[in-house]
Engineer: 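Just passing along the structure, written as structure tokens.
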Amino acid sequence: MLSFNLADKVAIVTGGNGGIGLGIAHGLAAGGATIVIAARDEEKSALAAQQLAPHNVGIMTIATDVADRSSVDAMVEVVLDAFGRIDILVNNAGINAGGSADVITDEEWDLVMGVNMTGAHYCSQAVYPAMKAKGGGKIINIGSMMSIFGRKSTPAYAASKGAIVQYTKALACDWADDNIQANAILPGWIDTDLTRRLRRAIPPLEEAVTQRTPAAKWGTPDDLAGLGLFLASPASDFITGAAIPADGGYSVQ
């Protein structure tokens, strides 16, 4: 029997205080999961916790820098002390910086790779013992359309998001014996604070995305909630190593 019930589960969502991360957190909370928002901006996390409150689930916010292993380890320790378990990890924290490949600086490259790829590794490695001890778990990595396509002026971001897909496949193989499923979501063009800034900087982008997308619209963070809930639930126990676009059809044409 299919089950989307997460009532006894604890979920960590990195960067879960806004945009896609918060959208997925709403989906997990709707399934009954206790939500841990692990993000750097404490004020923004507090506002996100207020938005999640109507779900009537446990909510914790922890200031975390995913690119800092000690910060990640401390966050996981706090979660285990509070709840005794970790069942779901959503590696959503991500940034973009720098220009084209000829001008991006070492510092910009390291920053993007450190958050987007190394941060996902730190978090996955840190939760693994707890998941193994409880007999399994779910890891959901957030990729991008740039896991599939190239785009100008995004060398570090594209490299990190391509790497996320291969890392997801590796985790799926490494930890299958521990009943840990790892999958990736590849969001399309989603209406977030980040993409609103991008559209202001590149006015033709709004129409270009809408025209290419069969759904003829931009997505919203809530459009990721159902897929997040599915991949976090027992209903997806035989799905692992997958990279699933959630893009209104943008990537099919």
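Just so it is clear, the values below take in all heavy atoms, side chains as well, and ignore hydrogens, waters and symmetry mates.
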Engineer: Of all the heavy-atom pairs spanning Asn179 and Gly135, show the shortest one and how long it is.
Structural biologist: ND2-O, 3.0 Å

Engineer: Walk me through it: do Tyr122 and Val66 pass the test side chain to side chain contact (heavy atoms under 4.5 Å, CB included)?
Structural biologist: CA-CA 7 Å; Tyr122 286 166; Val66 298; over 6 Å; no

Engineer: Indicate yes or no: at least one non-hydrogen side-chain atom of Trp175 is less than 4.5 angstrom from one of Ile139.
Structural biologist: yes

Engineer: Is there a side-chain contact between Ile35 and His55 in this structure, where contact means two heavy atoms from C-beta onward sitting under 4.5 Å apart?
Structural biologist: no

Engineer: Is the backbone of Leu186 close enough, under 3.5 Å, to the side chain of Ser144 for a donor and an acceptor to pair up by distance?
Structural biologist: no

Engineer: Looking only at heavy atoms, which two atoms of Met131 and Gly137 are closest? And how far apart?
Structural biologist: SD-CA, 3.9 Å

Engineer: Between Val165 and Ile185, is there shared hydrophobic-cluster membership here, with clusters defined by ILVMFWY side-chain heavy atoms closer than 4.5 Å?
Structural biologist: no

Engineer: Look at the side-chain heavy atoms of Ile, Leu, Val, Met, Phe, Trp and Tyr, link any pair under 4.5 Å apart, and say whether Leu231 and Ile180 land in one connected group.
Structural biologist: no

Engineer: Flag the pair Leu224 / Ile142 as yes when at least one side-chain heavy-atom distance between them is below 4.5 Å, and no otherwise.
Structural biologist: no

Engineer: For residues Asn91 and Ser124, determine if any side-chain heavy atom of one lies less than 4.5 Å from a side-chain heavy atom of the other.
Structural biologist: yes

Engineer: Please determine whether the number of non-hydrogen atoms from other residues, nucleotides or ligands lying under 6.0 Å from atom CG of Asp177 exceeds 12.
Structural biologist: no

Engineer: Give a yes or no on whether a salt bridge exists between Asp87 and Lys134, defined as a side-chain N under 4.0 angstrom from a carboxylate O.
Structural biologist: no

Engineer: Please check if the side chain of Ser233 supplies one atom and the backbone of Asn5 the other of a donor-acceptor pair under 3.5 Å.
Structural biologist: no

Engineer: Measuring from Thr105:OG1 to Leu111:CG, what's the distance to the nearest 0.5 Å?
Structural biologist: 9.0 Å

Engineer: Run His26 and Leu52 through side chain to side chain contact (heavy atoms under 4.5 Å, CB included) and show every step you take.
Structural biologist: CA-CA 6 Å; His26 275 291; Leu52 291 167; 3.6 Å; yes

Engineer: For Arg69, does the CZ atom sit with more than 12 other heavy atoms under 6.0 Å from it, leaving out its own atoms?
Structural biologist: yes

Engineer: Check the pair Ser70 / Asp68 against side-chain hydrogen bond (donor to acceptor under 3.5 Å, both in side chains), numbers first and verdict last.
Structural biologist: CA-CA 6 Å; Ser70 62; Asp68 181 338; 2.6 Å; yes

Engineer: State which residue, out of Ile88, Val79, Val90, fulfils the side-chain contact (heavy atoms from CB on, under 4.5 Å) condition with Val36.
Structural biologist: Val79

Engineer: Is there a donor-acceptor pair under 3.5 Å between the side chain of Trp218 and the backbone N or O of Glu206?
Structural biologist: yes

Engineer: For the hydrophobic clusters of this structure (ILVMFWY residues joined by side-chain heavy atoms under 4.5 Å, transitively), does one cluster hold both Leu6 and Ile239?
Structural biologist: yes

Engineer: Under 4.5 Å between any side-chain heavy atoms of Ile164 and Asn116, yes or no?
Structural biologist: no

Engineer: Please confirm whether the backbone N or O of Ala242 pairs with a side-chain atom of Asn183, one donor and one acceptor, at under 3.5 Å?
Structural biologist: yes

Engineer: Do the side chains of Ile190 and Ile95 join up, straight or via other hydrophobic residues, at under 4.5 Å, putting them in one cluster?
Structural biologist: no

Engineer: Say you draw a straight line from CD of Glu42 to CD1 of Ile37; how long is it, rounded to the nearest 0.5 Å?
Structural biologist: 12.0 Å

Engineer: Would you mind reporting whether Asp247 and Pro187 have side-chain heavy atoms less than 4.5 Å apart?
Structural biologist: no

Engineer: Backbone N or O of Lys161 within a donor-acceptor pair of the Ser147 side chain at under 3.5 Å?
Structural biologist: yes

Engineer: Under a 3.5 Å distance rule, please check whether Thr195 uses its side chain to pair with a backbone N or O of Leu198 as donor and acceptor.
Structural biologist: no

Engineer: Checking Thr213 side chain against Ala216 main chain: does a donor-acceptor pair fall under 3.5 Å?
Structural biologist: no

Engineer: To the nearest 0.5 Å, tell me how far Ile140 CD1 sits from Thr14 OG1.
Structural biologist: 11.0 Å

Engineer: At what distance, to the nearest 0.5 angstrom, does CE of Met113 lie from CD of Glu108?
Structural biologist: 14.0 Å

Engineer: Suppose we screen for side chain to side chain contact (heavy atoms under 4.5 Å, CB included). Which residues come up paired with Asp237, at least two apart in sequence or across chains?
Structural biologist: Lys138, Gln181, Pro234

Engineer: Evaluate the side-chain proximity of Val127 to Ile12: yes if any heavy-atom separation is below 4.5 Å, no if none is.
Structural biologist: yes

Engineer: Tell me if a side-chain donor or acceptor on Arg212 pairs with a main-chain N or O of Gln253 at a distance below 3.5 Å.
Structural biologist: yes

Engineer: Could you pull out the closest heavy-atom pair between Asn141 and Thr168, with the gap in Å?
Structural biologist: ND2-OG1, 2.9 Å

Engineer: Quick one: do Ile20 and Met145 end up in the same hydrophobic cluster if we chain Ile, Leu, Val, Met, Phe, Trp and Tyr together by side-chain heavy atoms under 4.5 Å apart?
Structural biologist: no

Engineer: Can you list everything that forms a side chain to side chain contact (heavy atoms under 4.5 Å, CB included) with Thr154? Sequence neighbours excluded, please.
Structural biologist: Asn96, Met146, Arg151, Tyr157, Ala158

Engineer: Quick check: closest heavy atoms across Gly15 and Ala93, and the distance to 0.1 Å?
Structural biologist: N-CB, 4.0 Å

Engineer: For side chain to side chain contact (heavy atoms under 4.5 Å, CB included), just list the numbers for Thr34 and Ile59, CA-CA rounded to whole Å, side-chain angles, deciding distance to a tenth of an Å, and then say yes or no.
Structural biologist: CA-CA 6 Å; Thr34 294; Ile59 301 168; over 6 Å; no

Engineer: Using modelled atom types and a 3.5 Å cut-off, is there a donor and acceptor pairing between side-chain atoms of Ser71 and backbone atoms of Asp65?
Structural biologist: yes

Engineer: Would you check if Leu205 and Trp189 make a side-chain contact, meaning some heavy-atom pair closer than 4.5 Å?
Structural biologist: yes

Engineer: Ion pair present between Asp174 and Lys169, side-chain N to carboxylate O less than 4.0 angstrom?
Structural biologist: no

Engineer: Test of understanding: with side-chain hydrogen bond (donor to acceptor under 3.5 Å, both in side chains), list the residues that count as partners of Ser45, not counting sequence neighbours.
Structural biologist: Asn17

Engineer: Specify whether His121 and Tyr167 have parallel, tilted or perpendicular ring planes, treating 30° as the upper limit for parallel and 60° as the lower limit for perpendicular.
Structural biologist: perpendicular

Engineer: Hey, what do you get for OG (Ser251) to CD1 (Ile148), rounding to the nearest 0.5 Å?
Structural biologist: 4.5 Å

Engineer: Identify the two heavy atoms, one from Leu28 and one from Val13, that lie closest to each other, and give their separation to 0.1 Å.
Structural biologist: CD1-CG2, 4.1 Å

Engineer: Tell me if a side-chain donor or acceptor on Thr210 pairs with a main-chain N or O of Lys217 at a distance below 3.5 Å.
Structural biologist: no

Engineer: Taking all atoms of both residues into account, what is the closest heavy-atom pair of Ala156 and Ile104, and its distance?
Structural biologist: CB-CD1, 3.7 Å

Engineer: CG/Asp73 to CD/Gln125 distance, rounded to the nearest 0.5 angstrom?
Structural biologist: 8.5 Å

